[in-house]
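First comes the structure, then the notes that go with it.
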Amino acid sequence: MTNLLISEEKTYQNIQSANCAQALVETLSELGVDSIFGYPGAAVLSIYNELSLNQNIRHYLVRHEQAAVHAAEGYARVSGKTGVVLVTSGPGFTNTITGIANAYADSTPLVVLAGDVPSNETNNKVFQKVDILAMTKTCSKKGYLLISKDDIKQVIKEAFEIANSGEKGPVVVALPRNILESKYLAKVTKELYKKKKPSLKDSDFEKVIKLINNSQSPLILLGGGSVGAVEKIKEFVAKTKIHVVSTLMGIGAFPSENDAYLGMIGMNGAHLANTALSNSDFILALGVSFSDRSTCKNVDFAINAKVVSVNLKNISKNFELELVSDSESFMESFCNYAQYVKDFSEWNNKLDILKEENVHHESNSTCLHSSCVLETIYNYTKKYEPVVVTDVGQHQMLTAQFFNFNKPKKFITSGGLGTMGFGLPASIGAQLANPNNLVLNITGDGSFQMNLQELATCREHHIPVKIVIMNNSYLGMVRQMQEKIYNNRYQVEMINPDFTKIAEAYDLFAVRVQTADELIPALEKAISHNGTAIIDIAIDSFEEI
């Protein structure tokens, strides 16, 4: 009996002495967080101490804080959950800015936990002091600076709610060291933030049907915001036979191998998709942000078409109709109106003929052009239904063209910000979110060197990502633009290291491919290898897309 009383007293004392760092980690567990990507430092050591005692959350030590954010993005994009980042104050946080801006541009839900200097320090010269909220004001959904009056549990729960609701995105929480180390006292003062779902009326759907039926050549345009509506989009298209195009971020929201799919639009899009768009007189745009890379010159974009935009926010363009809604909710109801859509056989037949004329024929297998290489990789790996994570450049656009993605969350890329160095850390997060899936990181020699230190993270955690380096010894996309616009090449040639030797230094498998005959054997070895593998492919230096 005495021992029981002592035990109860100790438990009571532990509850009373719990600090805010412990309350934070407990809240993360309650929210179902199982993975955190981070880098420790003095300001957040109290959190790391609590993580060391937690059995539900695994921390992945990256080698650079930017990579922590990109890894969390890959995790979030594949899992559908909110990615979590933990970094220290000062440069630990400033190194995350690019990743936060990238997540904001692509509407990826993240919570970034940033250590901060003690809040009772007022001297401007405090070591590692930066204004975290000011820095992220324009590239995050919301920012919090924890103060003594706040309940840390409530703040964290609200941060997760905001990050993964409505138009998703990153939320930053600045955590002063003295508050993390202070005693936790519950002091909830308001209800948890919950965003109201926008509602549509029957008359909204009737307007859309009327606009469709008054047209002669309708199309459906899918953006990144449509990936949650995949099944209903397929159902609607099956009933109405209306053809589909997508933006870069919309790839995978409709099966690429479906006869109704015409490809990606935009500056580097498919000729067929852009031709169909130019000749369309009605566009139903689902979750599309209408960036300049998709619309090219805005004045020329679908100049003859009436556009209905379904998005979580108004795009503020001269559209016929803008409906504020997520694509999933809209399509859930709109499918019931499919029976009222008229027949568009004449227009659909024209598109089918154009599609036949644009059928891609396999390239000469003896070449090592990017198109040939990527087509070979696609054909070899399609049976695995891989998750494909790209960096930014020529390889990114060619992957979008030569790979077919028949499911969402299979094509992960940096669309809105175009961040070189995104691919390797994002593929780490993608692999951890779906450990049984083959994950390919298709990258360029320029992009790969932006965050190649994350090979150490791969090695430490035995992450079996397969890295394909399209090595042309140039910044290919920049070179191509220089030649077209300025008729020159300047500062774009890359004197690269031997990537296979770098892999060897990290104790990883690597193989170099210099001829077409070596490609398939290299793929076989890399995919069968039980761990991280690198395929360094020497491709044509002056290829254009």
Side-chain angles (χ1 to χ4, degrees), residues 7-8 10-63 65 67-69 71-76 78-89 92-93 96 109-116 144 146 150-161 163-164 170-188 192 425 428-435 457-458 460-463:
S7 175
E8 287 179 349
K10 284 183 177 179
T11 301
Y12 177 76
Q13 288 173 347
N14 287 337
I15 292 171
Q16 291 301 303
S17 62
N19 62 22
C20 286
Q22 181 179 335
L24 166 62
V25 173
E26 286 175 356
T27 306
L28 295 176
S29 277
E30 291 167 9
L31 291 167
V33 172
D34 54 29
S35 300
I36 292 178
F37 304 91
Y39 203 101
V44 288
L45 290 185
S46 57
I47 299 176
Y48 275 88
N49 183 62
E50 296 302 328
L51 284 173
S52 71
L53 305 173
N54 187 284
Q55 302 299 312
N56 301 320
I57 302 172
R58 185 166 184 182
H59 176 271
Y60 294 91
L61 174 66
V62 296
R63 300 311 190 259
E65 290 89 352
V69 187
E73 288 181 88
Y75 177 89
V78 170
S79 69
K81 298 168 69 175
T82 299
V84 182
V85 177
L86 174 59
V87 295
T88 193
S89 56
F93 174 72
T96 68
L110 300 181
V111 170
V112 180
L113 304 171
D116 202 359
Y144 295 88
L146 199 71
D150 291 328
D151 184 318
I152 191 170
K153 288 193 171 187
Q154 181 187 9
V155 169
I156 296 303
K157 288 176 182 177
E158 188 169 294
F160 272 78
E161 176 68 25
N164 211 0
V171 175
V172 177
V173 185
L175 302 164
R177 178 176 178 175
N178 63 313
I179 294 180
L180 286 173
E181 296 171 355
S182 68
K183 184 178 178 181
Y184 171 70
L185 294 171
K187 38 188 176 286
V188 177
L192 182 66
I428 290 171
Q431 186 75 77
L432 293 171
N434 195 343
T457 307
C458 291
E460 180 179 349
H461 296 288
H462 307 289
I463 298 170

Kindly check if the number of other-residue, nucleotide or ligand heavy atoms within 6.0 Å of CZ (F160) is above 12?
->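 Enclosed: over 12 neighbouring heavy atoms sit under 6.0 Å from CZ of F160.
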Is the side chain of [X] donor-acceptor paired with the backbone N or O of [Y] at a distance under 3.5 Å, no angle test?
X    : Y    : answer
K81  : G32  : yes
K153 : D151 : no
Y48  : Y39  : yes

Given side chains that start at C-beta, do those of [X] and [Y] come closer than 4.5 Å, heavy atoms only?
X    : Y    : value
F37  : T457 : no
S29  : N54  : yes
L61  : P40  : yes
T82  : V171 : no
V172 : T96  : no

Test log, rule side-chain contact (heavy atoms from CB on, under 4.5 Å), inputs L28 and I36 = CA-CA 10 Å; L28 295 176; I36 292 178; 3.8 Å; yes
Shortest non-hydrogen contact between [X] and [Y], atoms and distance:
X    : Y    : answer
G80  : N164 : O-ND2, 3.6 Å
V84  : S35  : CB-O, 4.0 Å
A430 : V78  : CB-CG2, 3.6 Å
I179 : L146 : CD1-O, 3.2 Å
L110 : A76  : CD2-CB, 4.5 Å
I47  : A21  : N-CB, 3.9 Å

SG of C20 to NZ of K183: how many Å apart, nearest 0.5 Å?
->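 Between atom SG of C20 and atom NZ of K183 there are 11.0 Å.
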Test applied, side chain to side chain contact (heavy atoms under 4.5 Å, CB included); reference residue, V173; option that passes from V112, L113, L24, I152 =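 Result: among V112, L113, L24, I152, L113 is the only option passing the side chain to side chain contact (heavy atoms under 4.5 Å, CB included) with V173.
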Check step by step if side-chain contact (heavy atoms from CB on, under 4.5 Å) holds for L45 and N49.
-> CA-CA 6 Å; L45 290 185; N49 183 62; over 6 Å; no
Report the relative orientation of the aromatic rings in H461 and Y60; use parallel for angles under 30°, tilted for 30 to 60°, perpendicular for over 60°.
->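 Plane angle over 60°, so perpendicular.
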Do S46 and N19 meet the criterion of a side-chain donor-acceptor pair at a distance under 3.5 Å?
->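 The criterion, which ignores hydrogens and geometry beyond distance, is not satisfied for N19 and S46.
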